[in-house]
Amino acid sequence: MKAVEIKKDVYWVGAIDYNVRNFHGYITPRGTTYNAYLVVDEKTALIDTVKSPFKEELLARIRSVMDPAELDYLIVNHVEMDHSGSSAAVMEAAPEAQVIATGKGMEFLHAHYHGSEEWDIKAVDKGDSLKLGKRSLQFIPSPMLHWPDTMFTYCPEERILFSNDGFGQHIATPQRFHDEVEDRDIIDEAKKYYANILLPFSSLVSKKLAELKDVPVDIVCPSHGVAFRRKEDIEQVVSAYSRWAAGESLDKAVIIYDTMYSSTEKMARAIEDGLIDGGVDTRFYNLRISDWSEIAKEVLDAKAIVVGSATLNNGPLPTVAGFLTYLKSLRPKGKIAAAFGSYGWGGGAVKVITEYLESTGIELVEEPIQTRFVPPEEVLSACWDMGARIAKKIKER
Ligand code: FEO
């Protein structure tokens, strides 16, 4: 396995994980990569490692360039184990190397890797840098993007930003740059990544983008997926991040539901009809069969969500309760919503859905619609009307 030189003496030495399909709940149908980078100068620095099962792959790629024992620095941009998981293997191979991390990173390394007390770890903060020779590395703490320990590393001489999870995409590909990928929508993957990983921290993303606005960057190297080097590709992903972080949304609605004997689904279809007839782009997801991470991506830039469920034991179906719990954790801003559902006797699903949405800070703009057992024509008609009214409200916003 060989390193890939992405710029003179700067190498990608990461790993490609073609088989991962569930990344702590994030569904990854196209796998991912764990990107680590090696900067070779008078001193050498490894920026991030890879998930531990891939440590031999990392070491083999480093070995294709240099003896890992001669590594001078291990830069830990983020301790989450998809990036730091091979740190112990690297330190075993290069016991003299100094580890660089933020203060939180140092604390988290000790909490993850027992024995790391023996490592020479230096905590860095904003403004700190490291001279490697002709090149240097500047450290840019980026707390909560998306962990408290996160930092970006910037090489001013090469104008490369190593942005860790920022600008990442879960996609397994042997290509290293966006411009080499012809048959996959990288920005759509970056959008899914943003929606599921960075959305809760959007205000911090906006601040970080403003902070880095005047930093000259020729290559953005995230820790997952491909890097961006063409000016237009960098502008495209940065501008997409600006829009997502600002909460910009489209005239789009997302219907999210689960159904027991198709009553709730019939209502969902009638609402969908009203939304489409009202001229609004609509997405339609049965939670039983849909990828929650994909739904989160669609919610990211939708103006409205409409959530429905059959009633089970005075509450929504578990898929609906689970998804709403997940959605709340993502803290979407500026959405409008409505609830609908079916029941047989006691009811309760719609009430619980409404409470979830309210506690997520989503504005409910319609009275919920419920039906007892199978929806009669007048209920389906009311559902269509609700869809049409939501479409109007979307267009007014
Ligand atoms: Fe890709 Fe937060 O780790």
Side-chain angles (χ1 to χ4, degrees), residues 12-37 46-55 57-58 74-90 99-113 139-153 161-173 176 178 186 189-202 204-205 208 220-228 237 241 244-245 292-293 296-297 300 326 329-331:
W12 176 86
V13 289
I16 306 173
D17 188 349
Y18 290 103
N19 292 331
V20 64
R21 289 293 175 273
N22 187 321
F23 199 109
H24 59 54
Y26 182 139
I27 305 303
T28 50
R30 283 165 286 279
T32 195
T33 66
Y34 312 110
N35 297 335
Y37 299 93
L46 174 65
I47 301 172
D48 291 319
T49 73
V50 299
K51 211 172 187 179
S52 122
F54 298 88
K55 62 187 175 202
E57 193 170 328
L58 169 77
L74 167 59
I75 314 297
V76 177
N77 275 337
H78 175 33
V79 179
E80 190 168 1
M81 286 189 282
D82 50 333
H83 306 301
S84 75
S86 298
S87 297
V90 168
V99 180
I100 308 281
T102 60
K104 273 283 168 204
M106 186 154 122
E107 179 190 326
F108 288 6
L109 277 170
H110 289 323
H112 277 78
Y113 305 106
F139 304 110
I140 306 168
S142 307
M144 298 318 296
L145 297 178
H146 66 121
W147 273 24
D149 63 314
T150 303
M151 69 175 180
F152 297 171
T153 294
L161 181 68
F162 300 96
S163 56
N164 198 263
D165 283 323
F167 307 109
Q169 332 95 47
H170 278 317
I171 180 163
T173 167
R176 299 276 54 89
H178 184 188
I186 295 298
E189 292 295 342
K191 181 180 174 186
K192 185 171 177 182
Y193 197 89
Y194 187 95
N196 287 279
I197 304 292
L198 290 158
L199 177 58
F201 314 109
S202 285
L204 296 172
V205 172
K208 189 55 66 180
V220 177
C221 290
S223 56
H224 297 288
V226 293
F228 303 86
V237 75
Y241 258 58
W244 300 330
W292 291 11
S293 321
K297 182 193 83 180
L300 175 66
Y326 180 55
S329 76
L330 296 177
R331 297 182 234 157

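A quick note: this is a predicted structure, and the numbers were derived from the prediction, not measured. Order of appearance sets the numbers: ligands from 1, and atoms from 1 within every ligand. Heavy-atom basis, side chains included; hydrogens, waters and symmetry copies ignored.
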A.B. asks: Have a look at atom 1 (Fe) of ligand 1 and estimate, to 10 degrees, the angle subtended by NE2 (His83) and NE2 (His224).
C.D. replies: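 Here the angle at the metal atom is close to 90°, to 10°.
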
A.B. asks: Quick check on the 6.0 Å ring-centre criterion: do Phe167 and Phe228 meet it?
C.D. replies: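 No, too far apart.
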
A.B. asks: Between Lys208 and Phe201, is NZ or CZ placed under 6.0 angstrom from the six-membered ring centre and within 45° of the ring axis?
C.D. replies: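 Output no; distance or angle outside limits.
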
A.B. asks: Step by step, work out the side chain to side chain donor-acceptor pair (under 3.5 Å) result for Gln169 and His178.
C.D. replies: CA-CA 11 Å; Gln169 332 95 47; His178 184 188; over 6 Å; no

A.B. asks: For atom 2 (Fe) of ligand 1, which N, O or S atom of Glu80 is at the shortest distance?
C.D. replies: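 Output for this pair reads OE1.
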
A.B. asks: Report yes or no: does Asp82 have an N/O/S atom closer than 2.8 Å to atom 2 (Fe) of ligand 1?
C.D. replies: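 No - counting backbone and side chain alike, Asp82 has no N, O or S atom under 2.8 Å.
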
A.B. asks: With atom 2 (Fe) of ligand 1 as the point of reference, which N/O/S atom of His78 is the closest?
C.D. replies: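 Nearest to atom 2 (Fe) of ligand 1 within His78's N, O and S set: NE2.
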
A.B. asks: Just by distance, with hydrogens left out, do Tyr37 and Thr153 show a side-chain donor and acceptor under 3.5 Å apart?
C.D. replies: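 No donor-acceptor contact under 3.5 Å links the two side chains.
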
A.B. asks: Give the name of the N/O/S atom in Asp165 that lies closest to atom 2 (Fe) of ligand 1.
C.D. replies: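 Output for this pair reads OD2.
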
A.B. asks: Assign the ring pair His224 / His83 to parallel, tilted or perpendicular, where the plane angle (0 to 90°) is split at 30° and 60°.
C.D. replies: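 Geometry flag for His83 against His224: tilted rings.
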
